[in-house]
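Everything on this sheet refers to the single structure shown next.
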Amino acid sequence: MRKIILIVAVSLMAACNSAKKGTSNSTSKYTVENLGRMDAEDLMKNYPDASLEEGTDMFEEGTDERPYTILYPGTENELHITWQDKDRTEVHDLRYSKSGKWRSETGINVGTNYDELVKMNGKDISVYGFGWDYSGAVDWNGGKLEKSGLRVFLTPGNEPENKFYGDKIINATPEEIEALDLKVGAIVINYAI
């Protein structure tokens, strides 16, 4: 009986340990939430074909300097990762804005439209104005996606009127929202909250 308990305990520990690190199985390899558990070494193991590009740059409107890694630079699968530390062991955030292989377990992807977001959130969303650093940022307004960790940025399919520009939540009628033809243009997951 003790041997069985020991085997079960060791198996559980191994399973928990592997869940902490990213895996490359086909169902989770391109699920962006899984990348938050990886470090730079894990990225190289799981994405050997990614042609990694690394460097250091300024982020948060030029107020924080952080190291970064870009997976698949210059392709539809391009994804930016900024790190909390110079050794690239903890992800600060990741972002992508192309409709390649990356997917969110929430179902939100680049190209998801405004109405789909509202439905997924279960509550109306607010959108910040365009033409600044956080252009088209979504406020979940306490809906289902509030605690998802996703920051979503919408882009208009049609040219916005001047009143929809700037660092403010836009005040638009349902008809104006429809005319803007808003779709997800970028997704950011922040792990350093």
**OP:** Would you check if Met120 and Thr106 make a side-chain contact, meaning some heavy-atom pair closer than 4.5 Å?
**Re:** no

Original post:
With distance as the sole test, does Asp87 use its side chain to make a donor-acceptor pair with the main-chain N or O of Thr89 at under 3.5 Å?
Top reply: no

Subject >> For the student: nearest non-hydrogen atoms of Val184 and Ile187, plus distance >> reply: CG1-CG1, 3.7 Å

Original post:
For His80 and Glu78, does a side-chain donor sit closer than 3.5 Å to a side-chain acceptor?
Top reply: yes

Original post:
Do the side chain of Asn46 and the main chain of Asp42 share a donor and acceptor less than 3.5 angstrom apart?
Top reply: yes

**OP:** Could you tell me which non-hydrogen atom of Trp102 sits nearest to which non-hydrogen atom of Asn109, and how far apart they are?
**Re:** O-OD1, 4.0 Å

Original post:
Is there a chain of hydrophobic side chains (I, L, V, M, F, W, Y, each step under 4.5 Å between heavy atoms) that links Phe153 to Val118?
Top reply: no

Subject >> Heavy-atom closest pair, residues Asn171 and Phe164 >> reply: O-CE2, 3.8 Å

Subject >> Minimum side-chain heavy-atom gap Thr69-Thr82 below 4.5 Å >> reply: no

**OP:** Output, in order, the C-alpha distance, side-chain angles, deciding distance and verdict of salt bridge (Lys or Arg N to Asp or Glu O under 4.0 Å) for Glu176 and Lys163.
**Re:** CA-CA 11 Å; Glu176 289 173 321; Lys163 69 179 182 177; 2.7 Å; yes

Original post:
CG/Leu182 to CD1/Ile125 distance, rounded to the nearest 0.5 angstrom?
Top reply: 8.0 Å

Subject >> More than 12 heavy atoms of other groups within 6.0 Å of Asp133 CG >> reply: yes

Original post:
Any ion pair linking Arg88 and Glu54 (charged N to carboxylate O, less than 4.0 Å)?
Top reply: yes

Subject >> Side-chain donor or acceptor of Asp181 paired with backbone N/O of Asn158 under 3.5 Å >> reply: no

Original post:
Should the heavy atoms of other residues, nucleotides or ligands under 6.0 Å from OH of Tyr68 be counted, would the total exceed 12?
Top reply: yes

Original post:
Is a donor on one side and an acceptor on the other found under 3.5 Å between the side chain of Asn141 and the backbone of Asp124?
Top reply: yes

Subject >> ILVMFWY network linking Trp140 to Tyr128, side-chain heavy atoms under 4.5 angstrom >> reply: no

Original post:
So which heavy atom on Phe130 is nearest to which on Ser135, and how close?
Top reply: CA-OG, 3.1 Å

Subject >> Interatomic distance, Leu35 atom CG to Leu43 atom CG [nearest 0.5 angstrom] >> reply: 6.5 Å

Original post:
Is a donor on one side and an acceptor on the other found under 3.5 Å between the side chain of Glu65 and the backbone of Asp57?
Top reply: no

Original post:
Under 6.0 Å between ring centres, would you say that holds for Trp83 and Phe59?
Top reply: no

Original post:
Does any non-hydrogen side-chain atom of Val32 lie less than 4.5 Å from one of Leu94?
Top reply: yes

Subject >> Approximate separation, where rounding is to 0.5 Å, of Arg66 CZ and Thr56 OG1 >> reply: 11.5 Å

Original post:
Do Val152 and Leu145 touch side chain to side chain, with heavy atoms closer than 4.5 Å?
Top reply: no

**OP:** Drop me the distance from Glu146's CD to Lys123's NZ, to the nearest 0.5 angstrom.
**Re:** 8.5 Å

Original post:
How many angstroms lie between CE in Met58 and CG in Asp64, if you round to the nearest 0.5 Å?
Top reply: 7.0 Å

Subject >> Verdict with supporting geometry, Met38 and Val91, side chain to side chain contact (heavy atoms under 4.5 Å, CB included) >> reply: CA-CA 7 Å; Met38 294 187 189; Val91 173; 5.7 Å; no

Side-chain donor/acceptor pairs under 3.5 Å, residues 70-77, sequence neighbours excluded:
unit_1	atom_1	unit_2	atom_2	d
Tyr72	OH	Tyr30	OH	3.3
Tyr72	OH	Asp49	OD1	2.9
Thr75	OG1	Tyr72	O	2.8
Thr75	OG1	Asn77	N	3.1
Asn77	OD1	Lys101	N	2.7

Original post:
So, Ser104 and Glu33: side-chain donor and acceptor under 3.5 Å apart, yes or no?
Top reply: yes

Original post:
Do you reckon Val138 sits in the same ILVMFWY cluster as Ile189, going by side-chain contacts under 4.5 Å, direct or chained?
Top reply: yes

Subject >> Closest heavy-atom pair and its distance - Asn190, Asp93 >> reply: CA-CB, 3.8 Å

**OP:** May I ask you to test the Thr112-Val110 pair for a side-chain heavy-atom distance under 4.5 Å?
**Re:** no

Subject >> Interatomic distance, Tyr114 atom OH to Ile177 atom CD1 [nearest 0.5 angstrom] >> reply: 4.5 Å

**OP:** Find out whether Tyr134 and Asp167 are in side-chain contact, i.e. whether some heavy atom of one side chain is under 4.5 Å from a heavy atom of the other.
**Re:** no

Original post:
If every non-hydrogen atom of Lys168 is compared with every non-hydrogen atom of Tyr165, which pair is closest and at what distance?
Top reply: CE-O, 3.3 Å

